[in-house]
Engineer: 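Supplied in structure tokens, the structure appears directly below.
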Number of protein chains: 2
Amino acid sequence: MAERSRRASRPSGDDRQEAILVTTEALLQSRDFDSLSIDELAKGAGISRPTFYFYFASKEAVLLALLDRVIRQVEERVGALPREFEADPASAWRRSIAVFIEVFSEHRAVATAAMSVRSRNAEVHDLWSRSMLSWVDYTAEVIEAERARGAAPDGIQARDLAASLNLMNERVLLAAATGEHPAVTAGAELDVLVAVWVQSIYGVISTSK
Amino acid sequence: MAERSRRASRPSGDDRQEAILVTTEALLQSRDFDSLSIDELAKGAGISRPTFYFYFASKEAVLLALLDRVIRQVEERVGALPREFEADPASAWRRSIAVFIEVFSEHRAVATAAMSVRSRNAEVHDLWSRSMLSWVDYTAEVIEAERARGAAPDGIQARDLAASLNLMNERVLLAAATGEHPAVTAGAELDVLVAVWVQSIYGVISTSK
DNA sequence: ACTTCACTCGACACGGTGTTGAGTAATTCG
DNA sequence: CGAATTACTCAACACCGTGTCGAGTGAAGT
């Protein structure tokens with residue numbers, strides 16, 4: 001929108017804003033979000049602390065901007081996926097879940113920082129909530145469609161199932177990203193998650209005692 | 001162990017320690033853990049801020065003590081449960097999961113505070129991790145036993161499945177406790193979680209296209 | 001009686017946050 | 001072209017919460 005700086009003696013505002021974002025994500029690779037001081041982010045971007053406040057209201061606001069980019073990326077990639085569950089449902093679910101895993105691990109630092117800040121910061125919480133909500137909606141919709149066409153058996157509320165599965169993914173991927181214990185075997189996350197999803201959406205209990 | 005205070009003019013150390021714990025859990029009912037200052041906890045227990053440090057090294061240490069009690073309670077109650085999966089596996093799983101839900105909601109405030117602090121505090125993180133680990137171990141053991149006796153079909157690693165399911169429970173219950181969105185329909189948590197557990201442990205995919 | 005031990009707090013130093021107010025360099029406008 | 005405006009910058013300050021230090025106090029043990 002803005003036609004900017006044609007050879008400015010000091011870097012333009014957009015550059016500095018970007019520099020703050022880049023510095024923050026870089027520092028986040030090796031450091032805890034909480035341990036970052038605004039002074040560090042400012043210094044990293046080549047500005048003073050007060051100047052930082054010209055661009056962002058707080059370090060949480062920086063994280064919010066970073067998280068927003070990551071979420072947009074997931075949305076883009078998930079949106080680009082074909083919605084074909086008829087032929088091979090397991091593969092279709094697998095493709096969707098794979099997108100999360102990819103983006104989550106590409107931006108591990110931002111994702112884990114966001115998860116840890118979520119409980120204290122309303123904006124981060126809301127942004128994440130809203131995305132989760134849209135993924136849960138999508139999941140519930142597909143489950144209902146699968147039940148309608150007879151591919152999946154009826155059971156608990158589709159929306160509750162969808163919420164549980166999505167929350168499971170969030171937590172399992174977070175555990176994997178931070179190297180927590182317990183966690184799913186490294187590298188097996190996709191297989192394991194898909195197995196639970198498919199099992200609980202399409203599975204029936206074998207009554208053979 | 002210690003034979004204490006027979007009529008002391010000032011309250012005994014144990015009383016004050018307890019007062020800090022009580023005050024903290026009380027404040028946590030209505031307030032964010034982060035928003036609590038040590039001064040408030042001290043004032044609430046009728047002591048000065050420096051005196052607080054005589055009893056606890058930080059407010060995180062108070063939370064750690066509180067969390068420890070909650071975890072012990074879960075362990076006690078789960079340990080008291082009969083381990084009889086043969087006759088009615090679904091009910092057996094349901095009983096175990098129900099214990100978590102009960103204790104979790106009885107001490108909602110402590111549980112949610114602990115979850116939000118976990119990422120910043122190694123001791124809280126480790127304490128919780130250790131408990132999760134023991135629950136995952138137990139779950140994996142039972143799954144393997146169920147597979148061995150032919151009640152459950154083989155599938156992904158029992159330990160990975162156990163980890164995923166336990167992490168799902170943690171996250172779903174946290175979402176419920178904090179009134180997040182998305183969350184499972186209030187009151188339906190137990191049914192939903194049991195459904196997913198049973199389905200993914202015992203279920204087989206209906207191959208009827 | 002004096003020593004020791006458990007406990008208490010006033011006062012301080014420190015570190016991080018957010019704001020204020022004065023300044024400078026490009027840009028726009030008459 | 002020169003003046004006003006806009007965009008940006010930072011030194012300095014006020015504030016708040018943390019953690020520590022060192023001097024106390026009173027009960028219990030010897």
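Reckoned from all heavy atoms, side chains included, excluding hydrogens, waters and symmetry mates. All chains are named by letter (A, B, ...) in the order of the sequence lines, taking the proteins before the strands, and each is independently numbered beginning at 1.
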Engineer: Measure CD/A/Glu40 against C1'/C/dG15 and give the value in whole Å, please.
Structural biologist: 12 Å
Engineer: How long is the line joining CG of B/Asp15 and P of C/dA6, in whole Å?
Structural biologist: 16 Å
Engineer: Let me see the working for A/Phe100 and A/Asn169 under side-chain contact (heavy atoms from CB on, under 4.5 Å), right down to the final yes or no.
Structural biologist: CA-CA 9 Å; A/Phe100 278 81; A/Asn169 282 18; 5.7 Å; no
Engineer: Does CZ in A/Arg108 sit with more than 12 non-hydrogen atoms of other residues, nucleotides or ligands closer than 6.0 Å?
Structural biologist: no
Engineer: What is the distance, to the nearest angstrom, from the CZ atom on B/Phe54 to the C1' atom on D/dT20?
Structural biologist: 15 Å
Engineer: Rounded to the Å, how far apart are B/Tyr55 OH and D/dT20 P?
Structural biologist: 18 Å
Engineer: Give a yes-or-no answer on whether the side chains of B/His107 and B/Glu25 include a donor-acceptor pair shorter than 3.5 Å.
Structural biologist: yes
Engineer: Below 4.0 angstrom from OP1 or OP2 of D/dC10, is there any side-chain N or O of A/Thr51?
Structural biologist: yes
Engineer: Which parts of nucleotides 17-22 of chain C does protein reach within less than 4.0 Å, heavy atoms only, written one letter per nucleotide 5' to 3' as B for base, S for sugar-phosphate only and - for none?
Structural biologist: BBB---
Engineer: Under 30°, 30 to 60°, or over 60°: which ring-plane class applies to A/Trp93 and A/Trp197, parallel, tilted or perpendicular?
Structural biologist: tilted
Engineer: Sort out for me which residue in B/Arg69, B/Glu75, B/Arg77 forms a side chain to side chain contact (heavy atoms under 4.5 Å, CB included) with B/Gln73.
Structural biologist: B/Arg77
Engineer: Could you state the atom-to-atom distance from NZ of B/Lys43 to P of D/dT18 in whole Å?
Structural biologist: 12 Å
Engineer: For B/Asn121 and D/dT18, give me the distance from atom CG to atom P, rounded to whole Å.
Structural biologist: 14 Å
Engineer: In whole Å, what is the span from the CZ atom of B/Phe52 to the P atom of D/dG19?
Structural biologist: 9 Å
Engineer: Any chance you could lay out the side-chain contact (heavy atoms from CB on, under 4.5 Å) test for A/Leu28 and A/Leu36, step after step, and finish with the verdict?
Structural biologist: CA-CA 8 Å; A/Leu28 240 27; A/Leu36 266 40; 3.6 Å; yes
